[in-house]
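Only this structure's heavy atoms are used, side chains among them; waters, hydrogens and symmetry mates stay out.
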Amino acid sequence: MGLTVKQMLDEANAAVERVDTERAQALLAEGGLLLDIRDAPELEKNGRANGSHHIPRGMLEFRADPESPYHDPALRKDRAIVLHCASGGRAALAGKLLKDMGFEKVYNLGGLKDWAEGGGAVEVVADPGM
């Protein structure tokens, strides 16, 4: 029998420390990366945290692996990675994945709402008009 989503989330939440906006901002001030793993339509609809780096959850493995032709040099094992999604579930799963890939300083901020409610600045995407 395989794992359920609840089991995967329980494992991920146990492996990846949850942080608030204040702690996230301290990690960023020390050179950490705020990584938004939502899909592009979510960013367009809801905006994004100021200064965040975007990699959709579905591309994370490819962007994180230095051997991949799709590697993103912003993902380095020597820096803290603070993940967020819409509510925290995907960020937890993505954080566990990064830990499994050898990243040690990985944190789950939760969702964009957590960032904003904690005082983090959000860029609202301009309405493209019709």
Side-chain angles (χ1 to χ4, degrees):
M1 188 168 129
L3 290 171
T4 65
V5 170
K6 182 186 181 315
Q7 289 169 319
M8 289 187 288
L9 283 169
D10 288 346
E11 287 181 15
N13 285 319
V16 182
E17 181 182 346
R18 185 77 180 243
V19 296
D20 61 15
T21 302
E22 183 178 353
R23 175 81 170 111
Q25 288 172 329
L27 290 162
L28 301 179
E30 296 167 4
L33 178 71
L34 181 58
L35 184 58
D36 186 337
I37 59 161
R38 296 174 299 149
D39 292 330
E42 292 176 278
L43 273 73
E44 292 168 12
K45 181 178 178 187
N46 301 310
R48 64 189 294 167
N50 278 11
S52 65
H53 190 71
H54 177 242
I55 297 174
R57 169 68 189 94
M59 286 300 295
L60 188 57
E61 294 91 331
F62 302 99
R63 300 283 195 235
D65 185 349
E67 301 299 315
S68 166
Y70 305 105
H71 178 248
D72 185 329
L75 289 176
R76 299 191 325 261
K77 293 181 181 177
D78 67 340
R79 78 189 302 192
I81 309 291
V82 180
L83 295 134
H84 84 82
C85 57
S87 63
R90 287 176 289 174
L93 295 170
K96 183 173 183 314
L97 170 83
L98 289 176
K99 286 197 159 220
D100 290 346
M101 293 181 76
F103 291 79
E104 294 179 14
K105 297 180 281 187
V106 181
Y107 304 89
N108 179 0
L109 173 63
L112 179 63
K113 181 180 173 193
D114 297 305
W115 170 259
E117 287 178 353
V122 176
E123 299 173 24
V124 179
V125 179
D127 183 348
M130 287 290 146

Peer 1: One thing to verify: whether Arg18 and Asp114 come together as a salt bridge, which I'm taking to mean a side-chain N less than 4.0 angstrom from a carboxylate O.
Peer 2: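 A salt bridge links Asp114 with Arg18.
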Peer 1: Inspect the contact between Glu42 and Arg90 and indicate whether a charged nitrogen and a carboxylate oxygen are less than 4.0 angstrom apart.
Peer 2: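 The answer is yes: the pair qualifies as a salt bridge.
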Peer 1: So does Val106 get a backbone contact from the side chain of Lys99, meaning a donor-acceptor N/O pair under 3.5 Å?
Peer 2: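 No; judged by distance alone, with no hydrogens or angles, the pair does not exist.
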Peer 1: Nearest heavy-atom pair of Gly95 and Val16: which atoms, and what distance?
Peer 2: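 Result for this residue pair: C-CG2, 3.4 Å.
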Peer 1: Distance from Met59 atom CE to Ile37 atom CD1, nearest 0.5 Å?
Peer 2: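 Met59 CE to Ile37 CD1: 13.5 Å, rounded to 0.5 Å.
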Peer 1: Work out which heavy atom in Ala64 is nearest to a heavy atom in Leu98; give both atom names and the distance.
Peer 2: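 Smallest interatomic distance, heavy atoms only, reads CB-CD2, 3.7 Å.
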Peer 1: Quick one: does any side-chain atom of Asn50 pair with a main-chain N or O of Glu123 as donor and acceptor, under 3.5 Å?
Peer 2: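 Confirmed, Asn50 side chain pairs with Glu123 backbone.
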Peer 1: Look up atom CG in Leu93 and atom CG in Leu9, then write down how far apart they are to the nearest 0.5 Å.
Peer 2: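 One gets 4.5 Å once the value is rounded to the nearest 0.5 Å.
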Peer 1: With a 4.5 Å limit on heavy-atom distance, are the side chains of Val5 and Gln7 in contact?
Peer 2: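 Side-chain contact under 4.5 Å: no.
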Peer 1: Within this structure, what is the CG-NE2 distance for the pair Leu34 and His54, rounded to the nearest 0.5 Å?
Peer 2: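 Atom-to-atom, Leu34:CG and His54:NE2 are 11.5 Å apart.
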Peer 1: So with a 6.0 Å cut-off around NZ of Lys77, is the heavy-atom count from everything else above 12?
Peer 2: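 Enclosed.
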Peer 1: Write down the atom of Ala80, the atom of Leu27, and the distance for their closest heavy-atom approach.
Peer 2: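 Scanning both residues, the minimum pair turns out to be CB-CD2, 4.1 Å.
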Peer 1: More than 12 heavy atoms of other residues, nucleotides or ligands under 6.0 Å from CD of Glu104: yes or no?
Peer 2: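 Counting neighbours around CD of Glu104, 12 or fewer heavy atoms of other residues, nucleotides or ligands fall under 6.0 Å, so no.
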Peer 1: Find out whether Leu75 and Leu33 are in side-chain contact, i.e. whether some heavy atom of one side chain is under 4.5 Å from a heavy atom of the other.
Peer 2: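 In contact.
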Peer 1: In the structure I gave you, are the side-chain heavy atoms of Arg38 and Leu112 within less than 4.5 Å of one another anywhere?
Peer 2: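 Yes, side chains in contact.
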Peer 1: Kindly compute the distance separating CG (Leu35) from CZ (Arg63), expressed to the nearest 0.5 Å.
Peer 2: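 Separation between the atoms: 11.0 Å.
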Peer 1: Is the charged tip of Arg23 near the ring of Tyr107: under 6.0 Å from the six-membered ring centre and within 45° of its axis?
Peer 2: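 The answer is yes; both the distance and angle limits are met.
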Peer 1: When you measure from the side chain of Trp115 to the backbone of Leu109, do you find a donor-acceptor pair of N or O atoms at a distance under 3.5 Å?
Peer 2: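 Judged by distance alone, no pair lies under 3.5 Å.
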Peer 1: Would you find a donor on one side and an acceptor on the other, under 3.5 Å apart, between the side chain of Asp72 and the backbone of Ala74?
Peer 2: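 Answer holds: yes.
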Peer 1: Take Met101 and Asp65 through the side-chain contact (heavy atoms from CB on, under 4.5 Å) test and state the conclusion after the steps.
Peer 2: CA-CA 8 Å; Met101 293 181 76; Asp65 185 349; 3.9 Å; yes
Peer 1: Mind checking the CG-CZ spacing from Leu28 to Arg79? Nearest 0.5 Å is all I need.
Peer 2: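 It is 9.0 Å, given to the nearest 0.5 Å.
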Peer 1: Using modelled atom types only, decide if a donor and an acceptor are shared between the side chain of Arg48 and the backbone of Val122 within a distance under 3.5 Å.
Peer 2: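 No: the side chain of Arg48 does not pair with the backbone of Val122.
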Peer 1: Between Lys96 and Asn13 (side chain of the first, backbone of the second, donor and acceptor by atom type, cut-off under 3.5 Å), is there such a pair?
Peer 2: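 Side chain of Lys96 to backbone of Asn13, a donor-acceptor pair under 3.5 Å: no, none is there.
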Peer 1: Should we say atom CD of Glu11 is surrounded by more than 12 heavy atoms from elsewhere, each under 6.0 Å from it?
Peer 2: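 Atom CD in Glu11 is crowded, with more than 12 foreign heavy atoms closer than 6.0 Å.
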Peer 1: List the steps and the verdict of side-chain contact (heavy atoms from CB on, under 4.5 Å) for Glu61 and Leu97.
Peer 2: CA-CA 8 Å; Glu61 294 91 331; Leu97 170 83; 3.5 Å; yes
Peer 1: Counting N and O atoms only, with roles assigned by atom type, does the side chain of Asn108 sit under 3.5 Å from a partner on the main chain of Gly88, one being a donor and the other an acceptor?
Peer 2: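 It does hold such a pair.
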Peer 1: Any idea which heavy atoms bring His84 and Ala91 closest together, and the distance?
Peer 2: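 Residues His84 and Ala91, closest heavy atoms: CA-CB, 3.8 Å.
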Peer 1: Clusters formed by hydrophobic residues whose side-chain heavy atoms approach within less than 4.5 Å: which one holds Leu43, and what are its other members?
Peer 2: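 None; Leu43 is a cluster of one.
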Peer 1: About how many Å separate CZ of Arg57 and CG of Leu83, when rounded to the nearest 0.5 Å?
Peer 2: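 Here the interatomic distance stands at 9.5 Å.
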